[in-house]
Each structure stands twice: as C-alpha cells, then as structure tokens.
Amino acid sequence: MEEHGMDGRILGYDPSDPQSILEYAERLEGHTLREMTDAKKIADSKRRKGSFGNAMEEYYFDYAPNSSSEPDFAQAGVELKTTPMKHVRKNDLVAKERLVISMIDYMDVVNETFETSHFMEKARDILLVTYLWEKDADPLDYEVIMADLWTIPEEDLPQIKRDWETVVNKVRAGHAEDISGSDTMYLEACTKAATSENRRKQPCSDVPAKPRAWAFKASYMTAIEQGLLDRKTGAGTSLARKGQDINLLGLVRERFEPYFGRTEEELAQHFGISKSLNRCARITKRILGVDENSKIEEFEKANIKPKTMRIKRNGRLKESVSFPYFDYRKLEMTDFEDSDFHDELLQKYLFVIYREDEREDGVYRLADVMFWQMPDKDLDEAKRCYDQMRQNVREGHAEISVKSTENRCCHVRPHGQNGKDTRPQPHGRPVVKKCFWLNAGYLSDEIAKALF
DNA sequence: GCATGATCATGC
DNA sequence: GCATGATCATGC
C-alpha cells in the first residue's frame with residue numbers, strides 16, 4: 001500500500017493502522033527530529049508552545065497540523081499528543097506540564113454523560129510521544145523518550161469520571177466561574193487564555209466564565225509516564241483493588257476512621273513505633289496499610305503528600321508548615337511561576353488532623369483527615385510573598401524576611417542547622433538558610449472552612 | 001553529611 | 001498567646 005503525504009511523498013506508515021503508526025513513531029525513541037527528518041529549522045522561528053508537536057506532524061508524519069475536532073490520524077481514530085518531561089534533582093524525570101485534551105464547551109458539556117463525552121472521545125486512543133525538554137534548546141533537538149499507544153487505565157477511570165462530574169456539576173449548578181484546578185485529582189479544568197479578558201457564556205447562569213480545557217494534571221502525567229517507563233518492573237502499591245471503585249478520600253477516611261479519638265502515644269504504641277520526631281508521619285503510613293518505605297500509587301498520581309496538623313484547643317495550629325529551604329541566588333533569578341515554591345504550592349496534601357485533648361494539655365488525638373490544595377486565588381497572595389522576598393534579596397537584604405503579619409498566607413523564616421548554617425546571597429554576606437512557611441493562622445482557617 | 005519534619009526559646 | 005528566630009534529630 002502506498003500512502004501519500006502533503007507533498008506527494010510516500011508515507012512511512014499506514015495511516016489507517018494504529019499499530020503501523022506506533023511502530024513508525026517508536027523509531028523516534030532516543031532520537032531527535034533533526035536527526036530523523038529533513039527539517040532545518042522550526043517553521044515558526046520563535047519557539048512557541050507546541051512547536052515540537054507541530055514540527056513532528058509536519059516533518060515526521062507528513063501531514064498538515066490541524067486544530068479541527070477530527071482525530072489527528074482520522075482513519076485510525078488515533079489522537080497524537082506530544083508532551084515534555086524534564087529532569088529534576090536526583091535524576092528524576094517528571095512531566096513538565098499538564099496534558100491538555102480539548103476545550104470545554106460549557107453549553108454542550110452539561111448535556112453529555114462521561115462515557116459518551118467529547119472528552120472521552122479525544123482521550124480514548126492517544127499516541128503519546130514523550131520528549132525530554134531542555135531549557136533554551138531548539139525543539140528540533142529535543143530527544144524523544146518514548147512513543148506509546150495510550151488509553152486511560154481502567155483503574156483510573158472511576159477517579160477521572162468523578163473529576164469530570166465535579167467540573168460538569170459546577171457548570172450545571174450555574175457556577176462555571178467558580179471552577180478551580182484544585183477541585184479535582186487527576187483530570188482538571190485548566191484555564192486557557194486566563195490572563196486575557198476572554199470570557200465564555202455558561203448555560204445555567206448569566207455570569208461569564210473563563211475559558212477552560214480538560215487536561216490531565218502534570219502530577220498524573222508524571223505517574224503515567226513513569227509507569228510507562230518502568231512497565232517491566234511493575235513496582236508500586238495500590239490502595240484500591242482492581243475493579244473496586246476508587247474514591248480516594250473515601251478510601252483514605254475508611255482507613256483512618258477506626259483510629260479517630262486515639263492519642264498519638266496510643267497509636268505509636270499500637271503500631272510499635274518508637275518515640276521519634278517523625279512519629280506521626282510513620283503512624284499515617286501504617287494506618288494507610290502500606291509499608292513505611294513504599295509509595296502509595298494513587299498518592300503519587302495525584303501528587304498528594306501527607307502532612308500532620310496539630311490543632312490546639314483554641315482552634316489554632318500548633319505550628320506553621322515549612323517547605324524546603326531556598327537558594328538566594330536562584331530566588332533572584334527565578335520568576336514565581338517557575339519556582340520550586342510554586343510547584344510545592346500546586347501539590348495536593350492529605351492533612352492528618354490531631355486535636356488537643358479537652359482537658360490534658362499537650363495530648364493530641366487523631367480527629368480527621370482531609371485533602372487540601374491552595375486555592376487559585378491564594379496563589380496570588382503567595383506570589384506577593386515570593387516577590388517581596390525576591391526584592392529583599394535583590395537589594396542585598398536576604399536577612400530581612402517576609403513576616404507572617406505581612407502576608408495572609410505565607411512567610412519566610414530561618415531553617416538551618418544553626419546560626420552558622422548559611423547560604424550565599426547574590427549581593428552581600430552569606431545569610432542563614434531560610435524557607436517559605438505556610439502561616440498557622442491561614443491553615444487553621446482553611447481547615448475550619450473544610451471541616452465545618 | 002545534609003535535607004527536612006518537628007520542635008524549642010525568646011521577646012513582645 | 002503569638003511571631004519569629006533558632007535548633008534538634010531522624011533517615012536518606
């Protein structure tokens with residue numbers, strides 16, 4: 001069979017056969033587009049978002065990029081998605097960004113069911129081409145990591161369906177303007193052109209809403225991609241048995257409920273955990289029923305980190321919550337959106353909540369669990385804190401912190417071994433190691449809002 | 001050896 | 001009682 005591309009050349013694959021498309025795509029693994037095509041430079045000379053994907057369609061698969069609602073390989077019913085991974089500390093590869101599937105049409109989506117939705121149509125058969133992103137590199141020189149035919153794993157469908165319904169139900173309730181990426185676990189409704197004044201109509205309200213698209217969260221993509229990468233090893237522990245409906249919070253709560261009301265000491269004794277600083281973190285893992293060192297698959301996919309929260313009798317958190325320390329020189333050079341702090345704030349957390357006993361001072365009892373992620377609106381406040389600290393560093397005053405009284409959500413405080421544990425700053429003498437903290441008062445309010 | 005979760009100590 | 005500087009200590 002001969003198939004012809006844009007300029008009449010013979011295609012290297014059969015566009016009606018998914019297997020043939022996959023095999024052709026797999027030849028890219030370990031190579032770059034510059035090596036595998038005759039492309040000399042990217043057509044849109046500015047490296048815009050999507051230029052790798054466009055170049056791949058045009059120069060490797062030999063078809064004109066389109067944005068129609070037809071699948072990219074229409075005859076095979078396969079959608080081509082290219083997605084970047086990046087290196088992070090200790091040689092880990094993570095998804096660089098979310099994978100956007102399709103725009104959400106607020107007017108139509110309210111009449112859809114998940115199973116027959118436009119989203120599922122687009123997400124059902126994906127040719128996923130993963131490449132290694134490198135700062136300042138020409139997209140033609142990105143190395144292709146792997147090519148796979150991918151569909152949503154069966155065990156993830158219940159959570160993704162729940163995510164889809166969470167979003168659609170907000171539209172049905174006439175609150176499309178209140179949708180937030182933090183509403184959901186794996187699938188999110190992310191904003192498109194959020195900075196512009198662009199707004200769309202919604203069917204059940206006159207309030208205009210930001211345009212949004214269905215996307216798999218970056219944390220979910222990381223789990224998917226790592227799973228594809230070490231498919232052979234098949235490591236990992238799953239909280240849910242196959243075929244069992246997954247409701248993460250329900251599942252987690254079910255595990256914790258028998259222990260509500262018990263004190264830290266009782267729990268430590270029950271699980272045979274010695275007196276140690278991270279005693280509560282270890283109790284959490286034991287209650288979740290997983291080996292202390294193993295990762296919990298669902299938590300990885302949803303990028304959920306357990307955190308212990310101790311609430312004093314007066315309703316306030318005993319302590320603020322710290323993040324890893326930051327590098328003053330890196331802080332000066334890095335915008336908030338590209339910072340580690342920003343990544344940390346996009347995490348979803350499992351708060352394991354202990355409350356102080358009504359009578360006995362200093363005795364804390366396991367009281368509740370909840371998921372938490374910083375709401376989008378508070379990210380702006382966190383950015384203010386970041387920018388203010390950045391400004392201090394610019395002016396050679398890394399020793400000046402952002403106080404918790406100056407910012408509603410977070411502050412800056414020392415976090416080193418001792419006063420001698422310093423880090424260089426770009427302009428001036430080294431300063432004691434510091435990190436960002438979430439304000440105890442802010443978190444107290446967030447917890448109270450969620451639980452009462 | 002160091003990063004990080006956790007906690008202490010001081011002063012207002 | 002809280003804000004904030006400072007330090008401890010486990011585990012990787």
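Lettering follows sequence order; numbering is per chain, from 1.
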Novice: So which heavy atom on A:Glu446 is nearest to which on A:Trp372, and how close?
Specialist: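 Smallest heavy-atom distance, with atoms named: OE1-NE1, 2.8 Å.
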Novice: Classify A:Asp421 by what it touches in the nucleic acid, base, sugar-phosphate, or nothing, heavy-atom distance under 4.0 Å.
Specialist: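 No contact at all - A:Asp421 keeps every heavy atom at 4.0 Å or more from the nucleic acid.
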Novice: Calculate the interatomic distance between A:Arg282 atom CZ and C:dT10 atom C1'; express it in whole Å.
Specialist: 9 Å
Novice: Go through residues 378-398 of chain A and report each residue with a non-hydrogen atom lying under 4.0 Å from DNA chain C, sorted by number.
Specialist: none
Novice: For the pair made of NZ in A:Lys420 and P in C:dC8, what is the distance, rounded to whole Å?
Specialist: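 Nearest whole value for this atom pair: 11 Å.
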Novice: Looking at B:dT7, I'd like to know if its phosphate oxygens (OP1 or OP2) sit under 4.0 Å from a side-chain N or O belonging to A:Arg310.
Specialist: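 Yes.
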Novice: Do A:Tyr259 and A:Phe271 have their ring centres less than 6.0 Å from each other?
Specialist: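 Yes, ring centres under 6.0 Å apart.
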Novice: Check nucleotides 3-5 of chain C for protein N or O atoms closer than 3.5 Å to its own N or O atoms and list the pairs.
Specialist:
residue	atom	partner	partner atom	Å
C:dA3	OP2	A:Arg316	NH2	3.1
C:dT4	OP2	A:Ser404	N	2.6
C:dT4	OP2	A:Ser404	OG	2.3
C:dG5	N7	A:Arg413	NE	3.3
C:dG5	O6	A:Arg413	NH2	3.0

Novice: Using atom CD1 of A:Ile311 as one end and atom P of C:dC2 as the other, report the distance to the nearest whole Å.
Specialist: 13 Å
Novice: Can you tell me if CD on A:Glu165 sees more than 12 non-hydrogen neighbours from other groups inside 6.0 Å?
Specialist: yes
Novice: Quick one: do A:His342 and A:Glu344 satisfy side chain to side chain donor-acceptor pair (under 3.5 Å)? Show the steps, please.
Specialist: CA-CA 5 Å; A:His342 186 251; A:Glu344 284 144 13; over 6 Å; no
Novice: Between C:dC2 and A:Lys312, is there an OP1 or OP2 to side-chain N/O distance shorter than 4.0 Å?
Specialist: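 Yes.
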Novice: Among A:Phe114, A:Tyr186, A:Phe119, find the residue that satisfies the ring pair (Phe, Tyr, Trp, His ring centres under 6.0 Å) test when tested with A:Trp214.
Specialist: A:Phe119
Novice: Please report the distance, rounded to the nearest Å, between CG in A:Leu443 and P in C:dC2.
Specialist: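 Going from A:Leu443 (CG) to C:dC2 (P), I get 15 Å.
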Novice: With nearest nucleotides of DNA chain C determined for A:Asn314 and A:His415 from heavy-atom distances, which residue corresponds to the more 5′ nucleotide?
Specialist: A:Asn314
Novice: So that I know where these two stand, are A:His87 and A:Trp133 an aromatic pair - ring centroids less than 6.0 Å apart?
Specialist: no
Novice: Partners of A:Lys170 by salt bridge (charged side-chain N to carboxylate O under 4.0 Å, His left out), sequence neighbours excluded?
Specialist: A:Asp183
Novice: Dot-bracket, 5' to 3', for DNA chain C please: Watson-Crick or G-U pairs under 3.5 Å, [ ] where pairs cross earlier ones, | where the partner sits on another strand, dots elsewhere.
Specialist: ||||||||||||
Novice: Specify the residue among A:Tyr325 and A:Lys318 whose closest nucleotide of DNA chain B lies further upstream toward the 5′ end.
Specialist: A:Tyr325
Novice: Applying salt bridge (charged side-chain N to carboxylate O under 4.0 Å, His left out), can you list everything that pairs with A:Lys96, at least two apart in sequence or on another chain?
Specialist: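 If we apply the salt bridge (charged side-chain N to carboxylate O under 4.0 Å, His left out) test to A:Lys96, skipping adjacent residues, there are no hits.
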Novice: If the condition is side-chain contact (heavy atoms from CB on, under 4.5 Å), which residues does A:Asp376 pass it with, not counting sequence neighbours?
Specialist: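 Partners of A:Asp376 under the side-chain contact (heavy atoms from CB on, under 4.5 Å) test: A:Ser180, A:Leu379.
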Novice: For A:Phe341 and A:Phe436, I'd like to know if the aromatic rings sit close, meaning centre-to-centre distance below 6.0 Å.
Specialist: yes
Novice: Determine whether the aromatic ring centres of residues A:Phe351 and A:Phe371 are separated by less than 6.0 angstrom.
Specialist: no
